[in-house]
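For reference, the structure discussed in these notes is given below.
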Amino acid sequence: MHIVDITISAFVVAIIVVSLLSNIAVLIGFLYSPEIRKQVPGLFILNLTFCNLLLTVFNMPLTLVGLINKGHPGARGFCQVVGFVDTFLTTNSMLSMAALSIDRWVAVVFPLNYHSRIRHRDAVIALGYTWIHSLCFSAVATCLSWVGYNHLYASCTLCSNRASGARTQFIIFTVVLHSLTFLLTLIVLCVTYLKVLKVARFHCKRIDEITMQTLVLFVDIHPSVRQRCLDEQRRRRQRATKKISTFIGTFVVCFAPYVITRIVELFTPGPINPHWGVASKCLAYCKAACDPFVYSLLRHQYRKTCSELANRILKRSPLTSSPRKVEKGRGDVPKPVQ
């Protein structure tokens, strides 16, 4: 094997391990916490987690086999089934991210009317649309035999070589597919999260004004306390920007190279470097490993749930698991809340 193939193969193995462990952790947290199950976004996260797990179990190992064997990972019928699953899961996961962004936009922009605007019935309807949307495109590609082993991506997916007799129809289908999945999701993410960022900055500005007025009133305040307040202001302003950049940035970095390569492949007569094709496919797989951290595991509620579950497994009380709480119990004076 070439050194590049060995590097990409190791990268795929790392993606499989991280994606499997992180998505299982999200699933366990969802099943363990009744509070998470009651929330409407939990349905979208559950759907996204299942898509990532199935992609990790079925598609990523076959791509690894294709890299190692430099060829078809199985029979033609089996590869068509895998290609159907690949198109369905990728489309479904993108639309789930769009649904999550809409939910967060409503929660931030209309906080008082959130529970009346977004209910479990609405979430089920949205998930039903994502499934129908994904099934339609996957079924059309499979029925027209446009799914097979693609050497450029070393995986069973949409294959332009199998549409030699219907080249124009395949181009239209591919452009429409990516326009109604990747492009549509990207537009929804940008519009909703930029609205969320605008509201967050407005609230940060209000809090900063109140903080500065308070600091002016306290003339004898210690300089270190004043500096900590100013540092907290700066962190508060940066926190929302970092989160929004993470949501949109991971989506673009992971999916854009693969989608652009797909579009370029349709209109470029010359061959594309296979190493780049496989690398773009691996970047798309990376999203399955990033999603658990971006949408779940880094949130306070999931961290709290994982901590409680770990304490229960290790049979220790929450008081003994937190050094800060133990120190407070010994009579130490707690630090003032910033």
Side-chain angles (χ1 to χ4, degrees), residues 1-20 23 51-94 134 137-138 141-142 144-164 167 170-171 173-174 177-178 181-182 250 253-291:
M1 292 180 64
H2 195 272
I3 185 63
V4 178
D5 296 329
I6 296 175
T7 303
I8 295 177
S9 299
F11 185 49
V12 173
V13 172
I15 294 173
I16 292 174
V17 173
V18 175
S19 177
L20 192 63
N23 283 284
C51 289
N52 292 335
L53 279 174
L54 292 175
L55 196 67
T56 303
V57 172
F58 289 106
N59 294 87
M60 294 185 193
L62 292 177
T63 300
L64 182 61
V65 172
L67 278 170
I68 296 175
N69 293 337
K70 293 291 185 180
H72 206 287
R76 177 180 176 181
F78 174 75
C79 194
Q80 285 187 337
V81 173
V82 175
F84 172 88
V85 173
D86 177 80
T87 305
F88 172 79
L89 294 178
T90 304
T91 305
N92 200 337
S93 62
M94 289 187 186
S134 305
F137 279 101
S138 304
T142 305
L144 295 177
S145 299
W146 290 347
V147 175
Y149 183 76
N150 195 326
H151 292 274
L152 178 60
Y153 308 103
S155 58
C156 297
T157 181
L158 290 174
C159 187
S160 58
N161 295 331
R162 300 182 61 83
S164 56
R167 182 73 178 177
F170 181 79
I171 292 176
F173 173 83
T174 305
L177 170 63
H178 293 305
T181 51
F182 172 78
T250 53
V253 170
C254 292
F255 282 125
Y258 177 67
V259 174
I260 293 174
T261 305
R262 280 286 191 184
I263 301 300
V264 171
E265 181 188 5
L266 298 175
F267 302 101
T268 302
I272 299 176
N273 190 333
H275 291 150
W276 168 251
V278 175
S280 64
K281 185 66 175 178
C282 292
L283 282 176
Y285 285 153
C286 276
K287 197 67 175 70
C290 295
D291 286 341

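Count residues from 1 along the sequence. We use all heavy atoms of the structure for the numbers below, so side chains are in, but hydrogens, waters and symmetry mates are not. These numbers were taken from a predicted model, which means no experiment stands behind them.
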I'd like to know if Cys286 pairs up with Cys254 as a disulfide, counting it only when the SG to SG distance is below 2.5 Å.
no

On a heavy-atom basis, the closest approach of Ser138 and Ser134 is OG-O, 2.8 Å

Determine the minimum heavy-atom distance between Tyr153 and Gly277, stating which atoms define it.
CD2-O, 3.2 Å

Closest heavy-atom contact between Cys159 and Asn150?
CA-ND2, 3.9 Å

Would you say the side chain of Tyr285 lies within less than 4.5 Å of the side chain of Leu55, judging by non-hydrogen atoms?
yes

Working note: Val82 + Tyr149, criterion side chain to side chain contact (heavy atoms under 4.5 Å, CB included); need CA distance, chi angles, decisive distance, verdict.
CA-CA 9 Å; Val82 175; Tyr149 183 76; over 6 Å; no

For residues Thr261 and Trp276, report the shortest heavy-atom separation together with the two atoms involved.
OG1-NE1, 2.9 Å

Do other residues, nucleotides or ligands put more than 12 heavy atoms under 6.0 Å from Phe173 CZ?
yes

Are Tyr258 and Phe182 an aromatic pair, judged by ring center distance below 6.0 Å?
no

Closest heavy-atom pair and its distance - Cys282, Ile8
SG-CG2, 3.6 Å

Which of these, Leu152, Leu177, Thr157, sits in a side-chain contact (heavy atoms from CB on, under 4.5 Å) with Arg262?
Thr157

With a 4.5 Å heavy-atom cut-off, do Trp146 and Thr174 have their side chains touching?
no

Decide yes or no for Ser160 and Glu265: does some side-chain heavy atom of the first lie under 4.5 Å from some side-chain heavy atom of the second?
yes

Would you name the heavy atoms of Ser9 and Ile68 that are closest together and state the gap between them?
OG-CG1, 4.5 Å

Taking side chain as C-beta onward, heavy atoms only, is Thr90 less than 4.5 Å from Phe255?
yes

